[in-house]
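Naming: A, B, ... by sequence-line order, numbering from 1 per chain. Since the model is a prediction, treat every value here as computed from it, not as a measurement.
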Amino acid sequence: MPVLEGKELRIVGFLCNWCSYGGADTAGVARAGQPTDLRIIRVPCSGRIDPLFIVKALLGGADGVLVSGCHPRDCHYAAGNFYARRRLEVLKQFLPVLGIDERRFEYTWVSASEGQRWQQVVTVFTERIHQLGRAPRFDDAEPLLKLADMALTSLRPLGTGQTAALDELKDAIRAKLPELDCVIGWQQGYDAAHTVPLFIRKPEDVDKLVWGPFNVNNPAVYLPSFKGKKVGIVVKGCDSRSVVELLQENLIRREDVTIFALPCEGTLDMARVNEKLGRYQRIDSVSLDEAGATIVADGTEHRFCMTEYAQGKCYGCTTPAAVLADTRLGTPTPVQPGTVVPPELALLDSMSLEERMAFWRGQMERCLRCYACRNACPMCVCRDFCISDSRNPHWMSQEDSPREKLFFQTIHAMHLAGRCTGCGECQRACPVGIPILALRQQIARAVAQLFDGYRPGLDPAAVPPLLGYEVEEKNIHERDWK
Amino acid sequence: MRIGVFICHCGSNIGGTVDCARVAELSRAFPDVVYADDPMYTCAEPGQAAIEAAIHEHRLDGVVVASCTPRMHEPTFRRTVERAGLNRYMFEMANIREHVSWIGKDKEANTNKAAELVLMAVEKLRRNTPLTPKSFDITKKVLIIGGGVAGIQAALDCADGGVPVVLVEREATIGGKMAKLDKTFPTVDCSACILGPKMVDVAQHPNITLYAYAEVEDISGYVGNFSVKIRKKAAYVDWSKCTGCGACTEKCPARKTPDAFNELTGPTTAINIAFPQAIPKKAVINAAHCRQLSKGKCGVCAKVCPTGAIRYDMEDEIVTEEVGSIVAATGYDLMDWTVYSEYGGGKYPDVITSLQYERLLSASGPTGGHILRPSDGREPKSVVFIQCVGSRDKSVGRPYCSGFCCMYTAKQAVLTKDHIPDSQSWVFYMDIRAPGKMYDEFTRRAVEEYGTEYIRGRVSAIYPDGKGQYVVMGVDTLLGQPVEIKADLVVLAVGIEASKGASQLAEKLRISYDQYGFFMESHVKLKPVETNTAGVFLAGVCQGAKDIPASVAQGSAAAAKVLALFARDKLESDPQIAQVDMRRCVNCGKCIRCCPFGAIKEVEMRGEGKAQVIETVCQGCGLCTATCPQGAIQLSHATDNQILAEVNALCQC
Amino acid sequence: MNKVTDISSLRDPAFTAAVQADSGQDVTTCYQCGNCTAGCPASFAYDRQVSQIMRGVQLGLKDEVLNTRSIWMCLSCSTCSLRCPNNIDVAAVMETLRHMARKEGRVTVPKVEKFWFSFLDTVRVFGRTYEIGTMALYMLRSLRIFTDLDLAPEALKKRKLGLIPHAIPRQDVPDDGARAVGRIMQRYRQRALREGVRP
Amino acid sequence: MSVVSFAYYPGCSAKGSSADYERSTRTVCGLLDICLEELPGWNCCGSTPAHAVDTELSAALCVRNLDIAAQCGAKTVLTPCPSCLSNLRHAGRRMATPEFRARVNELLDAPAAETLPEVTSVMQGIARQYDKAALTARVKKPLTGLRLGAYYGCLMSRPADLMDFGDPENPTLMEEMLTACGAEVVDFPLKTSCCGASFGIPERPMTARNSAKILDLAVNMGLDALVVACPLCQMNLDLRQKQAAKSAGTTFDLPVPYFTQLLGLALGAPTDQLGLDKLCVSLDGLLKKAEGGQQCG
């Protein structure tokens, strides 16, 4: 139903049944007058609230969303609100990357006795939303296309892995192969400037294994489909984090996986490499040196320095060596301390909220809904039941609109909250080059800030922050409702 | 689906600010709605009958009632639709009273809002499925927390009803505050004489297990099957051997131990039995003041104990009890009145609390029942009573009335005259609250027969005059003038607050409490004994200020609730619980990790691990549903699709 | 005192609202416990007790309240505010009432105002107070003989009262400090007259 | 301890009726290495008459001083007089409201500085530098044998949130200082009662009655002296002691010295640097008692 034009704005509330819904009742019984904008959805517990409901509402035309639960320690279900607090706080920090003003979403705690407090919360929040005015609608945004600045300084020297102990690695694989059903690695693709995944089942396959800056795929994506089988995997540092995360989530078993690792010196951003090569008939030669690759295509020589053409994630990489490995050969280059804001995220950081919404509007118009992003993601395990196909739960409609596409990306990003290792396969796989990794990076940044620098995929035994809580959160603070 | 919608006027409660007929009219256009009406009182018998009739006449398979909060009448209407043959979960409510008509005056906005809430309810109902409860066994045993008069009454009534009782008391003796009182109003009969026999009954009742000097450590489980960990605090005395003979207390050399039972009006010994009628009559050592335990030198009590009951190496012990229901009766404490610097903040020895005065009046108290000033042991001739010290006072965060101070002050004034015939009592009051049976008459007697001077006004300050008396600077607002009284003794009617640790206990019980720590009843008028947690009931002042008869009545009421619960052999579990779609489950274990109740387990299914919900353990919070990225675990009646439908009803750009 | 007050016709809700707005205090929370009166060191000089004045404000009895002596006799010691169980800054209400009364030209206790003006006059001229000057001006204004004449010998002996005005020394500030203060008073006066209130 | 500097606002009475307070304050601060830099061209805060007449006028008079202090780069201004302190603090706080600030600026020659310095009492200024132990370490002639009461008056601790002086009903800072000086300090119950001094001239009976109540209690408690920190209180309880006694139909002979005078004695300052001659009720008996105590001790 439409809002009362000029009178109300659309404000949705999610209230836990036991405390806040009761608090709203208490306010009603006390005839505590409130603005009429808010519509309350009753849920059993604030822990029941999937942050995606809130995004759904905000993308669907809500001008504000208010969540209220029992005060910390008072949860009717003991701990639901502790989990909610973490998830909602992450959401609050995520919204701006979509171009949504985080002030349009608030969460708080109101007990069943606090009718007055509820009145104050509703009044203050509604006033705030009216001050912000009607929310800009994603559908109304003018598409804006902007490119990330890829001129970055790396935390370590990038190279092409020429000195890597590939032969020793091959020997190790050969030695282990009899115990394994398969070893996953890389082989040359349709020409010497491209690789494709290699599944080694026979000793002679081992010779096909290649190592170098063209090994862009994350082989970990195949691991869950080998569940129950003995499988080996050759990993770069970043790939190993996906393996660790899969182990942490019980999606593969440690005893089934044998990890072979070489130190990675960086991989090429194939989208930009291909763009520079342009259309060509054949590759004449590919030669690698310490600083980069020289590719001769149709007689024209192209130079690709690693410092210029590496994948965005490689500049800020702090795990050139595998986090976890059974066979580890060679020594990695040292990493300087520091942080590099990933280029996609830096681009969004530089924009206003309006520009961000316009940016995503423009990018999502280009989305083909091919779901290559999902297929490439090693942490995506719904497979046939993915809501994009099954439409159940009915998170998305059949409608082919940029808004639904962005919501799919948001669902993917939120499902990966505290899990995404930033391998960037989603973005690399995108055939139209949409910088969707930025959404995951923003969540990863929020998680790290809130939870003591937590980074997924480093420790198989760690409790992921969104599956745990602290009674007193160090970095999450109550907001003032005065 | 065929949905019927009923928009309740609730007399003028809703109809006054919501155009109910218009809402009904709008509802008819909502999907699947085939019938809509706007009855005057939906919850009344004709209203319920109309719903049943409509279900039959229009072949409805779902009903939405828009009226008051579902926390009030959802169970009522569920029974209504069930009587008409529907599954009781094919029903939804829209709250258009507490959340609409009572909080907004704009009829246009209210009507629109009400219609939207109905639409949300319809959209949710369209995705409801019939649910059937499962039944489970219950442990017919009750835990009663607190051994004051309310807890004692609840324990005795339950035990008499044939239910085994576990009574946990924090102090070394049961009896609570009432055991400290000298007399009770309005009959001025002896508190110990009427409470004592009940305490003895507790000790002797075969159905009651008493844990004195013990506290509830942890509570898990749910109605019918709670598991309770009880910490038995170290008394340093083996109670199975202690006969309560008192030989130890006579010989104990640590004679300056503060006496909590006597409200610190006099000292006691480090090993001590609270008072002669204590139940259990067992000795306890105050470790902080015991010379053996604090300095390692003494051991006198161990030498004199005829049964060898002293155990200096005793440690706290944890015992576990399985119970089906819990009664909280934790009572109250006095607020810390020393925040009143203007009354000396505790500096003046002859400015005391009313409970301390009770101990001075009591024959078992430190003065043997003689009213003597703490400072010099003199008998006071001018006694000033000040009401509302820490009650009805926002400036100290205590805006509520403590309920019974007016009455006990009248009683204490009467007793003062009885004890010291040539004394004069003065009572500073703001209002006299005496609504009980024979109460107002009693306060009049204090004035008319005992010559108590009631002065309407607060006291601004008390200070010693340097000559042995205190100047009480007050006001007589009826006279319209400030007044000063020279007093020998000042008795403060100190306001009450929830007993220490009440909020922590509430957290263990998963019940709500208000900002002052008093436990929240389920409904302020209609469910004053129940809490929002099934199987947990309240008795006495822990729920709010009340006097002895009201506490006793609520103790009995709580016992009745327990007995009613245990009258059934099995309980039905709420079927609004989580369910796993096995095809979607990838056995990542996130739900198992989060579940606050351990209600999800991993099972083997066709060679694969899967999550499974233990139906009787699941409490229906839905945390798992919000956690599972695969959408494989869904909370019935609050599924993703249902909440999405409500969101979509509101937000479609 | 001995009269029946027709509350229904005398009641002036706008007055209550104005007092609440100017003082920032919610007088409806007052429940007439009288604690303000009980602790008031000036109570015996009052014709209406402070709690009665609060009641008058609640009822909107403007004349009753603004014509009292009490609002002029308040010592501003804020004992009442400190001990009010409802956290009302009663002293702020009293000061607000005094300001309102003055601005309307209701001065029930002229000698108090005369003393204030005498004090402020010396400040206007010298930038600082000067006891003898204040007293002289006060005596002139109130046409009273110096009420503290009995103290004079002692005070003068101990040189408690400076005979010479201690104005702000000229060398201290580039612009004559006393004149700067004079200008503040002058601007205040002009503004008050412009705004139609008694300065 | 190194020398610390504070901006200093003496207040008008320092130049007249409480010259002894001024004298002893400067002496004590000198002995304690606290440098007081008097604000150039300071003016009267307006005292009770200004705020009784108009809040903005009162604030304008105060802010001119705070502005001078800000121009001098002062962070903290010390003042011995609680009345001045109260007025200066009230003004400073009210200036946080933009509308009020604008109204006050209209009255001033030029708009006041955005950030105005904080103002605190000389007593708290000393306490900030010297805790009890540090003060005791400086004592040369302990006040042994003296039974003293501390009287703060109504302004020093009220309103509580503005004055930040501990429990507004029961401040104890002066007691701590005097105890540090070796005196026996008994809790004086009327320590924050109003003596009524501000109406000393126009409404003498009120003042006399309130003072009598305070003096009477002090005498009943057997105090050797009632120690004060406020020029108005001191004048009222000392110079007007006979008036008070007359109204109560009795006689008093109770010395009412400033705390700085006793502090000065304990720190070993010569008596002529403490303005003791200005006290109407002489301290001589008290000094003898203290010396006797010292000899015995």
Review point. Pairs in or reaching into residues 75-96 of chain C: which pass salt bridge (Lys or Arg N to Asp or Glu O under 4.0 Å), with residues at least two apart or in two chains?
Key: C/Arg83-D/Glu169, C/Glu95-C/Arg98

Review point. Based on non-hydrogen pairs under 4.5 Å, which of B/Arg456, B/Arg458, B/Met430, B/Arg398 is most in contact with chain C?
Key: B/Arg458

Exercise for review: Under 4.5 Å, heavy atom to heavy atom: which of residues 433-455 of chain B reach chain C? Give them by number, or say none.
Suggested key: none

Practice item. Can you check whether anything in residues 467-483 of chain B gets within less than 4.5 Å of chain C, heavy-atom wise, and list it by number? Key: B/Met473, B/Gly474, B/Val475, B/Thr477, B/Gly480, B/Gln481, B/Pro482

Just wondering, are more than 12 heavy atoms of other shown residues or ligands nearer than 6.0 Å to [atom1] in [X]?
X	atom1	answer
B/Lys381	NZ	yes
B/Lys486	NZ	no
C/Arg198	CZ	yes

Practice item. Find out whether C/Pro85 and B/Lys394 are in side-chain contact, i.e. whether some heavy atom of one side chain is under 4.5 Å from a heavy atom of the other. Key: no

Revision key, fill the gap. Filtered by a 4.5 Å non-hydrogen cutoff, the part of residues 17-37 of chain C contacting chain B is C/Thr29, C/Tyr31, C/Gln32, C/Cys33, C/Gly34, C/Asn35, C/Thr37

Review point. C/Cys80 versus chain B, heavy atoms under 4.5 Å apart: side chain, backbone, both or neither?
Key: neither

